[in-house]
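Inspection log for the structure reproduced underneath, given as structure tokens.
Values below: every heavy atom of this structure, side chains too, minus hydrogens, waters and symmetry copies. Proteins come first, then strands; the chains are lettered A, B, ... in the order of their sequence lines, and each starts at number 1.
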There are 2 protein chains.
Amino acid sequence: MARKPKQQRSKATVDAIVQAALISIASHGPSAITARQIAEKAGIGVGSLYEYFEDKDAIIDAASKRFVSDTVDLIKPLIPELVRLDIREAIEKLLFSFRDFLEENNQLYLRCARHAFSMDMVIYQSPINSALMELFTQYLMHHPQLLKLPNIPTVAYFYINGGIFTVVRHLSEDNPIQSFEELTTVFGDILASYVDKKVELAG
Amino acid sequence: MARKPKQQRSKATVDAIVQAALISIASHGPSAITARQIAEKAGIGVGSLYEYFEDKDAIIDAASKRFVSDTVDLIKPLIPELVRLDIREAIEKLLFSFRDFLEENNQLYLRCARHAFSMDMVIYQSPINSALMELFTQYLMHHPQLLKLPNIPTVAYFYINGGIFTVVRHLSEDNPIQSFEELTTVFGDILASYVDKKVELAG
DNA sequence: TGCTCGTTCGGATTCAACTCGGATAATCAG
DNA sequence: CTGATTATCCGAGTTGAATCCGAACGAGCA
């Protein structure tokens, strides 16, 4: 059990298991999954699951990690472009990319993200937060006049955490009270207002 | 099964079950609970659980509802006082009350709240959001010059959702990067900056 | 071909949710 | 007060899902 895949076909099996787990998490949530479901979706026998994974939780862990690393892979390449933009434009661009990512594959990732906030999983989210924090930091480096802002780390903390949660929740609403475009406008406006106001006061 | 309690002692039993479920959720999360645990903590036999609850999920539901209604009972009475305060003061007062509430009973509610973000439970949260929305609305009524602000519902949506999540997450951190006081300052500052900037532009 | 070892499988085992039938306690009619 | 009736409580036993395990399969190699 929990052995390393050594041949090509077994690597494919592991991948199929992770993919099947992601799909199952998306449709039923991590606690409602059965091992049989995963095995069936992956097209293998139940016993085979336990060749590569200690138990069901290990499978869910692997799926969560896949989810997080795919998200980080979305954010990282955007940084060089975003840091050159105006705050509102940068946020708009980031949020639209994020939305498109979440909506891919019939909302596979969005439906996983809905379950990612149970705080057990927050540990795995930290790479996502780090990536966004890096974006924040690099943005500041490219706009040195912003370094005067008070409470930068705390603002980033509020903005990143609150922002992720709000976007995922908004995209999950059956009857959103506002469009995604309105949300991006407000996201930009709130941060830009804070920045303008504080720069004004400081300078 | 799922009968109505008719005698005093059975009401106490139901209450003990809900309380035990809250404690169990707080310590292990809703999916890891076993029926035996709940029964044992409540000081009753396993069978008794099923006298008043359809199944384990019904018990967890009841506990969630208790959590939500206790939270609403915290917010509602604060509204009349908060609407008379300055934005920063109001937010500070609200956040400190909220923190104290979450930290009561050895963080019972905080530890439950950590699990409340798995989106299954978001349905039950809506009364909390409604209560905060009412606070928002009543605040605007008492400060009519604010009604000029653009995108009020969306700002409220972002602020309430992001705010709740960020506070719960902050209080759950082992090594918070900032104090709770700093967080409340930033919360107040961000909203006040937005308001100031927009009122300035509009008037 | 026959051997070996990585891989796959599904029946056997374990464990938790839930049921059932009867014991015990409260309530009430006479 | 007593027996009948109803409410409550219980925990051994049933059921089904998670996990384990030993046999079967097949690719590579002598």
Side-chain angles (χ1 to χ4, degrees), chain A residues 1-65 112 115 118 120-121, chain B residues 1-66 115 118 120-121:
Chain A
M1 55 203 74
R3 73 176 56 175
K4 284 276 157 55
K6 306 214 168 143
Q7 296 181 2
Q8 196 50 46
R9 68 173 160 153
S10 68
K11 289 209 181 72
T13 303
V14 169
D15 212 67
I17 293 173
V18 171
Q19 193 67 20
L22 275 175
I23 294 173
S24 298
I25 291 175
S27 22
H28 310 101
S31 45
I33 298 178
T34 73
R36 284 181 205 291
Q37 267 172 37
I38 298 178
E40 192 176 347
K41 266 195 237 296
I44 60 171
V46 207
S48 307
L49 294 179
Y50 296 91
E51 290 298 321
Y52 304 105
F53 295 96
E54 193 60 36
D55 53 18
K56 200 179 62 158
D57 283 345
I59 300 176
I60 294 174
D61 266 25
S64 308
K65 280 177 183 145
C112 289
H115 302 286
S118 68
D120 308 340
M121 282 200 187
Chain B
M1 48 209 72
R3 74 174 59 175
K4 285 273 156 58
K6 304 212 168 143
Q7 298 178 3
Q8 197 50 45
R9 67 171 162 152
S10 66
K11 290 208 180 72
T13 303
V14 169
D15 213 66
I17 293 172
V18 171
Q19 194 66 21
L22 274 175
I23 295 172
S24 299
I25 291 175
S27 24
H28 309 102
S31 45
I33 300 177
T34 73
R36 282 180 206 290
Q37 267 174 37
I38 298 179
E40 192 174 349
K41 265 195 238 298
I44 61 171
V46 211
S48 305
L49 294 178
Y50 296 90
E51 292 293 328
Y52 304 103
F53 295 96
E54 193 60 36
D55 53 18
K56 200 180 63 160
D57 282 347
I59 299 176
I60 294 174
D61 266 24
S64 308
K65 279 177 182 145
R66 170 79 62 96
H115 301 287
S118 69
D120 309 339
M121 282 200 188

| query | A:Val46 or B:Gly47: which one's nearest nucleotide on DNA chain C is closer to the 5' end? | reply | A:Val46
| note | note: B:Asp55, atom CG; C:dC18, atom P; distance rounded to Å ~ 5 Å
| query | Quick one: does A:Val18's side chain get under 4.5 Å of A:Phe53's, heavy atoms only? | reply | yes
| said: If I take atom CG in residue A:Leu49 and atom P in nucleotide D:dT19, what distance separates them, rounded to the nearest angstrom? | reply: 10 Å
| query | How many angstroms lie between CD1 in A:Ile44 and CD1 in A:Ile17, if you round to the nearest 0.5 Å? | reply | 4.0 Å
| query | Is the phosphate of D:dT8, meaning OP1 or OP2, less than 4.0 Å from a side-chain N or O of B:Tyr52? | reply | yes
| For the pair made of CD in B:Gln7 and C1' in D:dT6, what is the distance, rounded to whole Å? | 8 Å
| request: Record whether the side chain of B:Glu51 comes under 3.5 Å of the base of D:dC10 through a donor-acceptor pair of N or O atoms. | output: yes
| request: Check whether any side-chain nitrogen or oxygen of A:Thr13 sits under 4.0 Å from OP1 or OP2 of C:dT8, and answer yes or no. | output: yes
| Rounded distance [0.5 Å steps], CD1 in B:Ile60 versus CG in B:Leu22 | 10.5 Å
| query | With respect to the phosphate group of C:dC18, does any side-chain polar atom (N or O) of B:Tyr50 fall under 4.0 Å of OP1 or OP2? | reply | yes
| message | Any base atoms under 4.0 Å from A:Ile33, or only sugar-phosphate, or nothing? Heavy atoms, all strands. | response | sugar-phosphate
| Considering only side-chain heavy atoms of B:Ala35, which listed nucleotide, D:dT19, C:dA17, D:dT8, is closest? | C:dA17
| request: Please round to the nearest 0.5 Å and tell me the distance separating atom CD1 of A:Ile38 and atom CD1 of A:Ile59. | output: 4.5 Å
| message | On DNA chain D, compare the nucleotides closest to A:Asp57 and B:Gly45; which residue's is nearer the 5' end? | response | B:Gly45
| field | Rounded distance in Å - CZ (B:Arg36) to C1' (D:dC10) | value | 12 Å
| Whole angstrom value for the distance that separates P of C:dC18 from CD1 of B:Ile17 | 13 Å
| said: Nearest to the B:Ser48 side chain among D:dT8, D:dC9, D:dG11, which nucleotide is it? | reply: D:dC9
| Does B:Arg66 reach the side chain of B:Asp15, with side-chain heavy atoms less than 4.5 Å apart? | yes
| field | Atom-pair distance (CD1 on B:Ile44; C1' on C:dT24), nearest Å | value | 16 Å
| Residue-phosphate contact under 4.0 Å: B:Ser10 side-chain N/O, D:dT8 OP1/OP2 | yes
| request: Kindly point out which of C:dA26, D:dA17, C:dC18 is positioned nearest to the side chain of B:Lys56? | output: C:dC18
| said: How many whole angstroms separate atom NZ of B:Lys11 from atom P of D:dA7? | reply: 12 Å
| request: Could you tell me the separation between the CZ atom of B:Arg9 and the C1' atom of D:dC9, rounded to a whole number of Å? | output: 7 Å
